[in-house]
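Following: one structure in C-alpha cells, then a few remarks.
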There are 2 protein chains.
Amino acid sequence: MKKKITLKQIARELDVSVSTVSKALRDSIEISEDTRQKIKAFAKLYNYKPNNIALSLKNRKSKTIGVIIPEIVHHFFTTVISGIEQVANEKGYHVIICMSNNSFDKEVINMELLANGSTDGFILSVAKETQQKQDYHHLTEVINQGMPLVMFDRVIEEIECDKVIIDDLNATKKAVQRLIDLNCKKIGLITTVDYVSVGKLRTDGYVQALRENKISVNPDIILKVEDFDNSEEEIQAFLIGKELDGLFAVNEHFAIYAIKAFLNQGLKVPEDVSVIGFTNGELSRQFIPSLTTVSQHGVEMGAKAATLLIKKLESEEGVEEPYETITIETSLIERNSTKR
Amino acid sequence: MKKKITLKQIARELDVSVSTVSKALRDSIEISEDTRQKIKAFAKLYNYKPNNIALSLKNRKSKTIGVIIPEIVHHFFTTVISGIEQVANEKGYHVIICMSNNSFDKEVINMELLANGSTDGFILSVAKETQQKQDYHHLTEVINQGMPLVMFDRVIEEIECDKVIIDDLNATKKAVQRLIDLNCKKIGLITTVDYVSVGKLRTDGYVQALRENKISVNPDIILKVEDFDNSEEEIQAFLIGKELDGLFAVNEHFAIYAIKAFLNQGLKVPEDVSVIGFTNGELSRQFIPSLTTVSQHGVEMGAKAATLLIKKLESEEGVEEPYETITIETSLIERNSTKR
DNA sequence: AACCCTTACGACAACGTTTTCGTGTTGAAA
DNA sequence: TTTCAACACGAAAACGTTGTCGTAAGGGTT
C-alpha cells in the first residue's frame, strides 16, 4: 500500500526543491530541459496527481458546483442532473449532488455544508417545505457571500439570481387548449396545493385557457392534492361521478392514477376521456395507453443552468452582470391518452 | 457582499492571535472564560463557519464519500443513493455522486478526480464497459493508495474489497421456481449479454431452476439482449411464435416490453402467460397489469454499503479487518402479471 | 579585471485550520 | 525575597500547492 505521492516526496527523492518540482511539472521555462525530463519521468512513474484539496485552498476555488434537489427519485431531476454534468465536465468542473428530500432543514444544512469551501456555486430547486415556510435566509446568505446561485424549476421570485424555468403557465395553457380543440367539454384538473410554485402556475394556466374559451371554471372538478403519498386514493375518490371528458394533471403520476380510476369506472381512454400529464418520464412512455404529456426538456434545463452558473463563476471580479431568467421551451408529446 | 470570515480576520478585529480564536471556539480551557465569550459572540455575529477545505487539508480526510454509478436514471440506483445518504449524513459524511454513464473512460476520470483529496473512499457499481474490458487498474489503484472501496450490485470478483450484492442467482431461481409452481411449462428468459455480471448470474439461476425441475433448457427461448436502446423491437420479434406460458426478464423494462409484445399477439397476461421481472421500480407498480417482480431493496443496499465503508474509514490504522461480502435478501413481490 | 546578463534553481509566503510547545505574568508557598 | 506552579495566551509548524522573489554560478563584454 503506497500512499499518494506529494511534491515534497518527489523533491526529496530527486534532491531538488519543492518549487523546482512544481515548476518542472508545469513546464516552466525556468527549469532546464534536463531536470524537467527527469522530474516528469519520476512523477509519471509514481503516478503523481496534484491534490485537489490543496489546490482548492490555495486558489480559493474548488471548481465544483453543488446541486441541491428535492428528490432524486423523480425522473425529471435526473435528466436535469444529466444536463448539468455534461456542461460542467466539459468545462472542468465537478458536480456534487445533494438531496433535500423536500425538507427545509436538510436544504439549509446541505447548503451550509457545501458553502464552506466545498463548492464555488449552487444550482438548486427548492424544497417544498421551503416554499411553504418562505424562509430564504440560507439563499440570501450564500448570495451575499458572493457565491453564485442558479435556481431551476421551482424558483423563488423574490430572490435575485439567475433562473431557469419552463413556462409552466403557457405550457399548461397550450395543453388545456389542445383538450378543448379535441372537443372536450368538461375538463378536470388535478394539481398540487398552491404553495408549490409550479403547481400554482399550472393551475393558473388551466384557468386562463378555460377563460379564453369562455368556459366557466368549476371548482368542483379541480383537485388540489395535499399529500403525495395518498394521492392515488384521493384521485380515485375525487373522480367518482364527475363525468369528465378531459383531464389535465400536473405530473405523470397524477395522470396515471386518473387513467386508472377512469378504467376502473369502465370508461375508455381516450375514447371517453382524454388525459394529458406533465413531465415526460418513463411511465408516460410505457403505460397503456401511453400518455400525452408536456415534456420539460430536463437535460436542456440542466445544461442551461450549468452554463449560467459557470459564466458567473468565471466572469471578472468587478463586472456585475445582470441576472437572467431563461425560459426553456416545452413541447406537447401526443400519445394515446388523447383522441386524434 | 461580505465574504466569509476567517479565523485570521476575527483575530485581527479582536486583537488576539489566531490560535486563541481557534481554541476559544473549540471551548479550550486554555482560554479564559472572558475572552472565550467575547470571541464566540463575535464569531456568531459574523456567522463564522470553519472552512472545510482547510480542514480537509489539515486532517487529510474530507469526510466525504464518493459514489459512482453507471446511470442515475435507473430507479434502482436512486434508491441505493437514498440509503447511502441516510447513513452517511447520520455519521457526518457528505456524499458526492458521479455518473459513469456506463463508460469506462468516464469511470476512470471520475475516480481519479475524486481520489485526489476530494474523497475518503468510494462506493461504486461498475460500468458495463468496464466489465466488458476487464480493465480494473483504476480500482486496484485507489485500493493500493489506501482508499477503501465498496462495490455494490455489479461487482467484480477478482477485486478484493467489501461488497454488497443481492443473491442474483437464487433470487432468479426462486422466481423461476414460482413460475414452475404456477404450472408454467415453457418458460422463456430475456437477459443481457454475459459480461454483465448480474445478467450472467440471473441466467445461471434460470438454468438451475429448470434443471432442478428436470426441465430441459431450450436455447431457442432465451434472448440475450445486446443493445438496450433497441431492445423493445428485439424482444417483440423474438417472442413471435414461441408459444410461451411463462417468462422471466432480468429487468423491469424487458418485462414490460415482453408484456406489450404478448398483448399485441392477442395473448392475455397473466391468463395465457405469466411474467416476472427484476427491480421493483415505478413502472412495475403502475403498469397494467402490474408486474410481479424481484425487489432488490436498494435503500437497504445503499445503507449497508455506506456502513461498511465508514467502518473501514474509521477503523484504526494498523488493524486490517477482513473484507466482507454482504448479501441483501430479495423478495418476490407478487402482482398481477402472474396467475394466482 | 571589473561588470553585467542569463540560466537554473531554492526560499518563502500564502491559502485556513488545529495543535504542540513555548513564554510572560500572576499569585502563593517557602 | 526567591521559587515555582497555574494561568492565559502567542508562535510556529503542518497539510500540499503555486508563484514571486532572491541569488549563485557561469559566461560574455569592455
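All chains are named by letter (A, B, ...) in the order of the sequence lines, taking the proteins before the strands, and each is independently numbered beginning at 1.
dT18(C) atom C1' lies 9 Å from atom CG of Leu7(B), rounded to whole Å. Whole-Å rounding puts the Glu30(B) CD to dT23(C) C1' distance at 12 Å. What separates CG of Leu25(B) from C1' of dT17(C) is a distance of 11 Å, to the nearest Å. Across the protein-nucleic acid pair, Lys58(A) atom NZ and dT17(D) atom P stand 12 Å apart, rounded to whole Å. Across the protein-nucleic acid pair, Asn59(A) atom CG and dT18(D) atom P stand 8 Å apart, rounded to whole Å. Atom NZ of Lys3(B) is separated from atom P of dC15(C) by 14 Å (rounded to the nearest Å). We find that CZ of Arg12(B) is positioned 15 Å from P of dG10(D), with the value rounded to whole Å. Computed from coordinates, the Asp27(A) CG to dA8(C) C1' distance equals 16 Å when rounded to whole Å.
In this model, the phosphate group of dT17(D) is not approached by any side-chain N or O of Arg26(A) to a distance below 4.0 Å at OP1 or OP2. Remark: Ser17(B) is not in phosphate contact with dC9(D), judged by side-chain N or O atoms under 4.0 Å from OP1 or OP2. A close approach under 4.0 Å does occur between a side-chain nitrogen or oxygen of Lys8(B) and OP1 or OP2 of dC15(C). Regarding contacts with the backbone of dC7(D), every side-chain N or O of Ser32(B) stays at 4.0 angstrom or more from both OP1 and OP2.
Contact annotation for Ser56(B): no contact, since no heavy-atom pair falls under 4.0 Å across all strands. Thr35(A) comes within 4.0 angstrom of sugar-phosphate atoms only, judged by non-hydrogen atoms across all strands, and of no base. Note on Leu55(A): only backbone sugar-phosphate atoms sit closer than 4.0 angstrom, heavy atoms only; bases stay farther off.
Sequence order on DNA chain D of the closest nucleotides to Ala54(B) and Thr20(B) puts Thr20(B) first from the 5' end.
No hydrogens or angles were tested; on distance alone, a donor-acceptor pair under 3.5 Å links the side chain of Ser19(A) to the base of dA11(C). Residue-to-nucleotide contacts include a donor-acceptor pair under 3.5 Å from the side chain of Lys23(A) to the base of dT20(D).
Looking at Glu321(B) and Ser315(B), their side chains never bring a donor and an acceptor atom within 3.5 Å of each other.
Atom CD of Glu157(B) sits in a sparse spot, with 12 or fewer heavy atoms from other residues, nucleotides or ligands closer than 6.0 Å.
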Please assess Glu33(B) against Gln37(B) for the test side chain to side chain donor-acceptor pair (under 3.5 Å), listing each intermediate value before the final yes or no. CA-CA 6 Å; Glu33(B) 186 61 25; Gln37(B) 291 308 328; 2.8 Å; yes
Is there a salt bridge (charged side-chain N to carboxylate O under 4.0 Å, His left out) between Lys311(A) and Glu324(A)? Walk through the geometry before answering. CA-CA 11 Å; Lys311(A) 185 170 152 199; Glu324(A) 298 178 58; 2.9 Å; yes
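Applying the side chain to side chain contact (heavy atoms under 4.5 Å, CB included) test between Ile39(B) and each of Leu7(B), Asp34(B), Thr20(B) identifies Thr20(B) as the sole match.
Listed candidates were dT19(C), dG16(C), dG16(D). Nearest to the side chain of Thr6(A) is dG16(D).
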